[in-house]
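Values in this document were obtained by computation on a predicted structure and should not be read as measured data.
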Amino acid sequence: MTKFLKVTLIIFLSLAVVASALLMTYLIITKDAKLDENKLIRPNQSIIICDEEGNEIVSASTANKHKSVEIENLSDDTLNAFIASEDRTFYSHNGLNYKRMLKALYKNIVSRSFKEGASTISQQLIKNTHLSNDKTIKRKLNEIRLTKQLERAYSKNEILEMYLNTIYFGHNCYGLQSAAEFYFDKKAEELSLTESATLVGLLTSPNNYSPFKNPEKSLQKRNTVLKSMLECGFIDQNEYQNAVETPLNAVQKLNGEKNSSYINGVFDELETLDLNVYDLAGGCKIKTYLNPNLQSFIEETHSDTDNAVIITSQNGGVNAYKSTIGDAKRQPGSTIKPTLVYAPAIEERLVSPFTKILDEKVDFGGYSPENYDKKYHGYVTVTDSLKYSYNVPAVKTLNSLTIEKAEKYLTRMNISLDDDEKNLSLALGGMKYGLSLKEIADRYSVFQRGGTYAPSRFIQEIISKDGKTLYRAEENKSPVFSAGTCSLMNEMLIATSKSGTAQRLAAFKYDIATKTGTCGNSDGNTDAYAISYTSEHCIGVWLGDKDNKRLNITSGGDCCGIVSEILSELYAEHTPQKLDTTSGTSTVKIDAEDYYKDNKINIADSLSPKLNVLEVKVLCGNEPKEVSTKFSSPAIATPTISVKNGEVNIRLCQTKYYAYIVKRYFNGRFEVVFDGKWQNCITDAPSEGYYEYTVTPYYFDGENKIYGKEISLPPVNVNKDNSSPQVKIPDIAKGEWYDL
């Protein structure tokens, strides 16, 4: 035997040994993997939803959702959409796509992970009905063996039919029929090409690609599925072009049943959790934060418009929720001002609540914001700008703050901006996609909690049918603002409830922080908001129209009426504690005259009278640096002096707290001609001659006189013939020294 043959034989035998070892390992690991035909059809188990006390409120039975379809009744477009997107060689392989598996294996080895999958429709059916989501070699080997058993036991059409009847489409929809009814309110066999592609697009991530929650993403994903169908030859170019130009036509069917909005919120949240939704379909118990009394109360609160109400507790649990438009996102209007503009500006030490901003007509490169009342109000404080929801000061503040810095705080609250949203209209809620009512209310809870953001939650706990805890809620907090910023925001928003745009809540005797907002134009409003919070709860109310029709809603004050009813119900038997308005702040004394007269912020002089001291609250570390010395070192602008009809007139600038000494100098001697409180004009009638006058301001604190610098006025000539009264000063440089 030649050397070559010996080497070849050794290699062959080695490979055979390795293959045998691998086969034995595979058989040993998968020896218990048995296909269970009963699992291929979902059992009639129920997901039981309970309130905060653990009492059952509804049984969201998967049996009710699980409605079978027969493959022969479905259109070719529907079947081809799944084939093109999920498994192009479904009808030609024996359950496994080895080429895709090797490619995925290579990528997983390179990345040292199990991120890449290569599942065929047959493998997906096995994984969803027989296995867990664990990314282990054992699970993958079991999947392969069970897939082989499946392919031997059933035809391709039977496998595809079982797959379509068990796959999860989100919103508690198991199976194609349930999804067709939920997303399009029709039978599965009636689905159009674009509708079928939309449903296929949901499979990778129902929460991200829901047409109700993220319509833009859903549209893009749908068109990706259509592109796959074109590549496979299932549709031609004209069909593809017409399909991608067709808008989404998903319409959420809101049944109006009791608790339906809350239940939808539960299932929306369920899809964001790291759980296997196919395990839950076998039966489980979901404990929520729902307060049945509050839920009943808000569902009995009616409005002539579309509406939404949410009530969350201080720990972040959603106690009650209803919405006639689902979880749709809307423009937030002025409700964004506290979280995007004023709180970041305070945190960045750009402004304080008492900082004055000039409310005036202004143009930012063609963008000229207006106030809702079409008026400008001169210098207004940050507090008043927020209380009365003035637009110009908000835009000015964002311009000074910069959108880059504002965006930093939005990111901390899990809000991202597209590049075309990054402009000054953002200060007034001009967003591309908008926010849901829940998202808006969650950002206000940051102030309530002292600066940390944690999204509110519907679900407390999930327990399997055998009593195992599958999930328990934990607050995922992230810091956003300092406690001081939140204290100042609380105080300003409380003032809004007392005397601002939310003054319909002024009658309540406990702390309520509120911000109202509207969206619309001169023809009317499409949306109105009121977001209120106490130390115990956050309440969000929205009124509007799902189709953006103009409504007879004049302001967010219309929403405050509903908030008032809820507050009366919430605190019928107790009063909430005060909101924190002091932590992280310091109180400083500033000079009132400088502030009110000249818009200057200076620390008050230590000798300042009480009437000239204004106490203000600032963020710790943002105290004014300049100190007034107007009383410890009195100073005034130089008075004017004139002579008329033989009288000397000295006009003093008005300084409220000063007294003055006026001296007349003549022939080397001086005489005090005035000593007293300010008056507009001091008159002296001396004899004819040349005179000099001085003025000395002083402050009398009740015991001592504190003198300022003596100011010399220009010499004057007093005569009776009314010649020039001002003494001409000789110019030595011109040789007039002799006139001295």
| message | A side-chain contact here means heavy atoms from C-beta on lying under 4.5 Å apart; do Thr452 and Val446 qualify? | response | no
| field | Distance-only side-chain donor-acceptor flag, Glu347 / Ser482, under 3.5 Å | value | yes
| Partner set under ring-ring contact (aromatic ring centres under 6.0 Å, His included) for His574, not counting sequence neighbours | Tyr571
| task | For the residue pair Tyr183 and Leu199, establish whether any side-chain heavy-atom pair is separated by less than 4.5 Å. | result | yes
| Qualifying residues under salt bridge (Lys or Arg N to Asp or Glu O under 4.0 Å), relative to Glu52, sequence neighbours excluded | none
| note | Between the CZ atom in Arg472 and the CD1 atom in Ile462, the distance rounded to the nearest 0.5 Å is 11.5 Å
| message | Counting the benzene-type ring for Trp, do Tyr209 and Phe169 have ring centres under 6.0 Å apart? | response | no
| Can you tell me if NZ on Lys408 sees more than 12 non-hydrogen neighbours from other groups inside 6.0 Å? | yes
| request: Just do the side-chain contact (heavy atoms from CB on, under 4.5 Å) check on Arg330 and Ile325 with the steps written out, would you? | output: CA-CA 10 Å; Arg330 310 286 291 192; Ile325 60 169; 4.1 Å; yes
| query | Thinking salt bridges, do Lys187 and Glu181 make one under a 4.0 Å N-O criterion? | reply | no
| query | Does Glu491 pair with Lys617 as a salt bridge, N-O distance under 4.0 Å? | reply | yes
| query | Which residues satisfy the side-chain contact (heavy atoms from CB on, under 4.5 Å) test with Ser535, sequence neighbours excluded? | reply | Pro576, Gln577, Leu579
| request: Examine the side chains of Asn391 and Lys337 and answer whether a donor and an acceptor come within less than 3.5 Å of each other. | output: yes
| Non-hydrogen side-chain atoms of Ile463 and Leu470 separated by less than 4.5 Å | no
| task | Specify the closest pair of heavy atoms between Lys432 and Gln331, including all atoms of both residues, with the distance to one decimal. | result | O-NE2, 4.1 Å
| query | Is there a donor in the side chain of Lys549 and an acceptor in the side chain of Thr526, or the other way round, less than 3.5 Å apart? | reply | no
| field | Straight-line distance of Ile512 CD1 to Thr496 OG1, nearest 0.5 Å | value | 12.0 Å
| task | Find out whether Phe184 and Glu190 are in side-chain contact, i.e. whether some heavy atom of one side chain is under 4.5 Å from a heavy atom of the other. | result | no
| If you take all heavy atoms of Ile49 and Ile263, which pair is closest and at what distance? | CD1-CG2, 3.9 Å
| query | Have Lys515 and Ser389 got a donor and an acceptor in their side chains that come within less than 3.5 Å? | reply | yes
| request: For residues His171 and Phe182, establish whether the separation of their ring centroids is below 6.0 Å. | output: yes
| With Glu195 via salt bridge (Lys or Arg N to Asp or Glu O under 4.0 Å) - residues at least two apart | Lys186
| Under the side-chain contact (heavy atoms from CB on, under 4.5 Å) test, which residues partner Asn315, sequence neighbours left out? | Tyr289, Ser313
| said: Looking at Lys546 and Asp306, is there a salt bridge between them, counting it only when a charged N and a carboxylate O are closer than 4.0 Å? | reply: no
| Rounded to the nearest 0.5 Å, how far apart are CZ of Arg443 and SG of Cys538? | 11.5 Å
Using a 3.5 Å cut-off and no angle test, enumerate the donor-acceptor pairs between side-chain atoms of residues 561-569 and protein atoms at least two apart in sequence or in another chain.
unit_1, atom_1, unit_2, atom_2, d
Ser568, OG, Ser564, O, 3.1

| task | Using side chain to side chain donor-acceptor pair (under 3.5 Å) as the criterion, list what pairs up with Ser464, not counting sequence neighbours. | result | Asp466
| task | Verify the neighbour count for atom NZ of Lys285: are there more than 12 heavy atoms of other residues, nucleotides or ligands below 6.0 Å? | result | no
| Under 3.5 Å, is there a donor-acceptor pair between the Glu348 and Tyr409 side chains? | yes
| message | Are Arg412 and Pro479 packed together at the side-chain level, in the sense that at least one heavy-atom pair is separated by less than 4.5 angstrom? | response | no
| field | Minimal non-hydrogen separation, Leu398 against Ala406, with atom names | value | CD1-CB, 3.7 Å
| request: In plain terms, say whether Glu299 and Lys322 are close enough for a salt bridge, that is, a side-chain N and a carboxylate O under 4.0 Å apart. | output: no
| Pairing residues for Lys329 by the salt bridge (Lys or Arg N to Asp or Glu O under 4.0 Å) criterion, not counting sequence neighbours | Glu439
| task | Would you check, one step at a time, whether the test side-chain contact (heavy atoms from CB on, under 4.5 Å) holds for Leu270 with Ile459? | result | CA-CA 8 Å; Leu270 187 62; Ile459 301 173; 4.3 Å; yes
| message | If the condition is salt bridge (Lys or Arg N to Asp or Glu O under 4.0 Å), which residues does Arg550 pass it with, not counting sequence neighbours? | response | none
| said: Strictly by ring-ring contact (aromatic ring centres under 6.0 Å, His included), give each pair with a member in residues 420-470 just once, sequence neighbours left out. | reply: Tyr262-Phe458, Tyr321-Phe458, Phe447-Phe481
| query | Would Ser456 and Lys438 count as having a side-chain donor-acceptor pair, cut-off 3.5 Å? | reply | yes
| field | Donor on one side chain, acceptor on other, Ser487 and Thr581, under 3.5 Å | value | no
| task | State whether a side-chain donor-acceptor pair under 3.5 Å links Asn307 with Trp542. | result | no
| Should Thr518 and Ser334 count as side-chain neighbours, where that means a heavy-atom distance under 4.5 Å? | no
| side-chain contact (heavy atoms from CB on, under 4.5 Å) between Cys284 and Ile48: does it pass, once the steps are laid out? | CA-CA 6 Å; Cys284 69; Ile48 300 172; over 6 Å; no
| query | If you look at every heavy atom in Ser218 and Thr198, which pair is closest and at what distance? | reply | OG-CG2, 3.9 Å
| said: Just so I know, are the side chains of Tyr168 and Asn128 near enough to count as touching, which here means a heavy-atom distance under 4.5 Å? | reply: no
| remark: Heavy-atom nearest pair, Asn490 first then Ala513, reads O-CB, 4.3 Å
| field | Spatial distance of atom CG (Asn207) from atom OG1 (Thr204) [nearest 0.5 Å] | value | 11.0 Å
| Does Val382 reach the side chain of Ser352, with side-chain heavy atoms less than 4.5 Å apart? | no
| query | Between Val351 and Leu401, is a side-chain contact (heavy atoms from CB on, under 4.5 Å) present by the stated rule, with each step listed? | reply | CA-CA 10 Å; Val351 300; Leu401 175 67; over 6 Å; no
| note | Hits for side-chain contact (heavy atoms from CB on, under 4.5 Å) against Asp304, two or more places apart or cross-chain, chain-then-number order -> none
| query | Can you tell me how far the CZ atom of Phe508 sits from the OG atom of Ser497, to the nearest 0.5 Å? | reply | 10.0 Å
| remark: Residues at least two apart in sequence or cross-chain that pass side-chain contact (heavy atoms from CB on, under 4.5 Å) with Ala320, listed by chain then number, are Leu294, Gln295, Ile298, Ile311
| request: Decide whether Lys217 and Asn208 meet the rule of one side-chain donor and one side-chain acceptor closer than 3.5 Å. | output: no
| field | Minimum-distance pair of heavy atoms, taken over all atoms of Leu248 and Arg222 | value | N-NH1, 4.2 Å
| In Å and rounded to the nearest 0.5 Å, what is the CG to CG distance from Asn548 to Asp527? | 6.5 Å
| said: We want to know whether Thr305 and Ser303 form a side-chain donor-acceptor pair, criterion being a heavy-atom distance below 3.5 angstrom. | reply: yes
